Asks: 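First the structure, which I've put down as structure tokens, then a few questions once you've had a look.
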There are 2 protein chains.
Amino acid sequence: MNFQIHTDHSKCGDCPIRHRAVCAHCDQDELEALEEIKYYRSFEAGQTIIWSGDQMSFVGSMVSGIASLTQTMEDGRTQMVGLLLPSDFVGRPGRDFAPYDVVATTDIVMCCFRKKPFEDLMARTPHIAQRLLQMTLDELDAAREWMLVLGRKTAREKIASLLSIIARRDASLTKGGMSGPMVFDLPLTREAMADYLGLTLETVSRQISALKRDGVILLEGKRHVTIPDMGRLMEEAGDDTDGGFLV
Amino acid sequence: MNFQIHTDHSKCGDCPIRHRAVCAHCDQDELEALEEIKYYRSFEAGQTIIWSGDQMSFVGSMVSGIASLTQTMEDGRTQMVGLLLPSDFVGRPGRDFAPYDVVATTDIVMCCFRKKPFEDLMARTPHIAQRLLQMTLDELDAAREWMLVLGRKTAREKIASLLSIIARRDASLTKGGMSGPMVFDLPLTREAMADYLGLTLETVSRQISALKRDGVILLEGKRHVTIPDMGRLMEEAGDDTDGGFLV
DNA sequence: CGGATGCCTTGACCGAGATCAAGTGGATGA
DNA sequence: TCATCCACTTGATCTCGGTCAAGGCATCCG
């Protein structure tokens, strides 16, 4: 498994995920303690970062890029159970073996900590444990939201749900505006979307074509999406149009 | 909403969930602080304990009985997103509004704390926060396990998965043996099972009949289940037969 | 330049599970 | 005792999404 140690971003103060990651609540002292033990690793698109069942020797935060958590049955059926974005935490303090595969969807940079030193630090640093609890609760909410999508939504609603999540996330990470048309690139292949949504890639393709035909989305090439009317998309997703955006 | 204050179980030391709930890691002092602010509430089967969107004024632990977390779309489609069993934690410190309906499936007793005092206590008591983090991580794992079931399993596999989960949980709560035939009562109606599995109640009924016809399960009445061969059931569920039982 | 590969689209057909409908059996209550 | 109700079962039919198959289009590499 090839990886490199990066030396950029070496100051936590300059880190792009400083205020969203596990370290978000840390004060200067705590940040310095983290700086002591952290190191950067890069992975290329397609690489498996962690294999299900492997010993987990490190934990860390996504700095840039996208990775996915997936579960696979013996016969090959696979379900994505999480999408890891910048600032998301990878790994689980207090557990030795990885329950899922973690695969790099794009090129990735992670800020890593060897597990044991991190656990020790966490025991002494309530700010880290508190932040991790918050983040875990948010992930649990996201997982449960997704259970509704998987269990009860139609293929068209599933696609619309995924697009609206990506769009919202993109808006919150970059410019921040939710008004007016939203423009972004799909970070996932059709197959990855299918694995996320419990569909086949053919159905994903058909439903994207249908949403395009119906003017709900505009497509340039296969990945570049424009959403002229976010409210319309959310109706298609079967979500409340009104509900305040929590993310 | 009718409820009663119970005075039994008033000593935490005697509490049946003492070593599994949020208070599991507490020492004697901490337990006394909890005892100060706790109170018991009962709910009858069918009662809604918390409505989605409501202000959450309390958090608490399930002492006995079963409740479900459900999400509902405007058109009535509903998906269960969690099953609350004795020792499970209800509510979310740091959040004001309930994201899901919590409904009593059977008669229930909960050990409650008003949210604010509990949050204050948690800030001062790392043992509680640590335990809550552990429990939340476990729930996240369970939710992700369930995403595989919802997204990729067939109706028959879904039913087998649910039965094996209930059987395993029952074994871990009561006698503890996983060898030999397992016997238990289904705590859910066919409709609740359907809501859990993303199916219709007719399909649930048909698949249960099929598993019975094929000798995978034995049924006495509509709820009393005997599983002659747990390995067989797990094969039907599409799970690894070998994998160590984590729960 | 031409073949291979990866990602995507589209069509034809099929089947698992949803929908609609009727009926069973046990519990409750007048 | 009979009517009602509820949870459940079973059958007939329909439909959404899966499966199988072919082809398009960009990129890479010999």
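This structure is a prediction, so every number in the text was calculated from the model and none was measured. Every chain is numbered from 1, with letters handed out A, B, ... down the list of sequences.
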Asks: Restricting both atoms to N or O, compile the protein contacts to nucleotides 12-17 of chain D shorter than 3.5 Å, with distance only.
Replies:
unit_1: D/dG17; atom_1: OP1; unit_2: A/A155; atom_2: N; d: 2.7

Asks: Suppose we screen for ring-ring contact (aromatic ring centres under 6.0 Å, His included). Which residues come up paired with A/Y100, at least two apart in sequence or across chains?
Replies: none

Asks: Quick one: ring-ring contact (aromatic ring centres under 6.0 Å, His included) partners of A/F58, sequence neighbours excluded?
Replies: none

Asks: If you restrict it to nitrogen or oxygen atoms, what contacts under 3.5 Å exist between nucleotides 23-27 of chain D and the protein, and what is each distance?
Replies:
none

Asks: Identify, with sequence neighbours excluded, every residue that meets side chain to side chain donor-acceptor pair (under 3.5 Å) alongside A/S64.
Replies: none

Asks: Could you tell me whether the side chain of B/L83 reaches within less than 4.5 Å of the side chain of B/R169, counting heavy atoms only?
Replies: yes

Asks: For A/D214, which residues count as a side chain to side chain donor-acceptor pair (under 3.5 Å) partner, sequence neighbours excluded?
Replies: A/R156

Asks: Run the numbers on B/F97 and B/Q55 for side-chain contact (heavy atoms from CB on, under 4.5 Å), then give the verdict.
Replies: CA-CA 5 Å; B/F97 298 95; B/Q55 188 114 29; 3.9 Å; yes

Asks: If you look only at pairs with a residue in residues 52-71 of chain A, which of them pass as a salt bridge (charged side-chain N to carboxylate O under 4.0 Å, His left out), with sequence neighbours excluded?
Replies: none

Asks: Between atom CD1 in B/I159 and atom P in D/dC8, what is the gap in whole Å?
Replies: 12 Å

Asks: For residues 220-229 of chain B, which residue pairs qualify under side-chain hydrogen bond (donor to acceptor under 3.5 Å, both in side chains), counting only residues two or more places apart or in two chains?
Replies: B/D185-B/H224

Asks: Take the protein atom CG of B/L186 and the nucleotide atom P of D/dA7, then report the distance between them rounded to whole Å.
Replies: 15 Å

Asks: Does B/S164 have any side chain to side chain donor-acceptor pair (under 3.5 Å) partners at least two apart in sequence or in another chain, and if so, which?
Replies: B/R168

Asks: When you list every nucleotide of DNA chain C with an atom under 4.0 Å from a heavy atom of chain B, which one comes first 5' to 3', and which comes last?
Replies: C/dG17 to C/dC20

Asks: What pairs meet the salt bridge (charged side-chain N to carboxylate O under 4.0 Å, His left out) rule with one or both residues in residues 189-204 of chain B, with sequence neighbours excluded?
Replies: A/R152-B/D195

Asks: With sequence neighbours left out, what residues match B/E139 under side chain to side chain donor-acceptor pair (under 3.5 Å)?
Replies: A/R144

Asks: For A/S205, answer base if it contacts any base atom (sugar-phosphate contacts may also be present), sugar-phosphate if it contacts only those atoms, and nothing otherwise; contact means non-hydrogen atoms under 4.0 Å.
Replies: base

Asks: Check the distance between D/dC8's C1' and B/E191's CD and give it to me in whole angstrom.
Replies: 11 Å

Asks: When the nearest nucleotide of DNA chain D is assigned to B/G221 and to B/R152 on a heavy-atom basis, which residue is associated with the more 5' position?
Replies: B/G221

Asks: Any donor-acceptor pair, under 3.5 Å, between the side chain of B/E202 and the base of D/dC8, if you only look at N and O atoms?
Replies: no

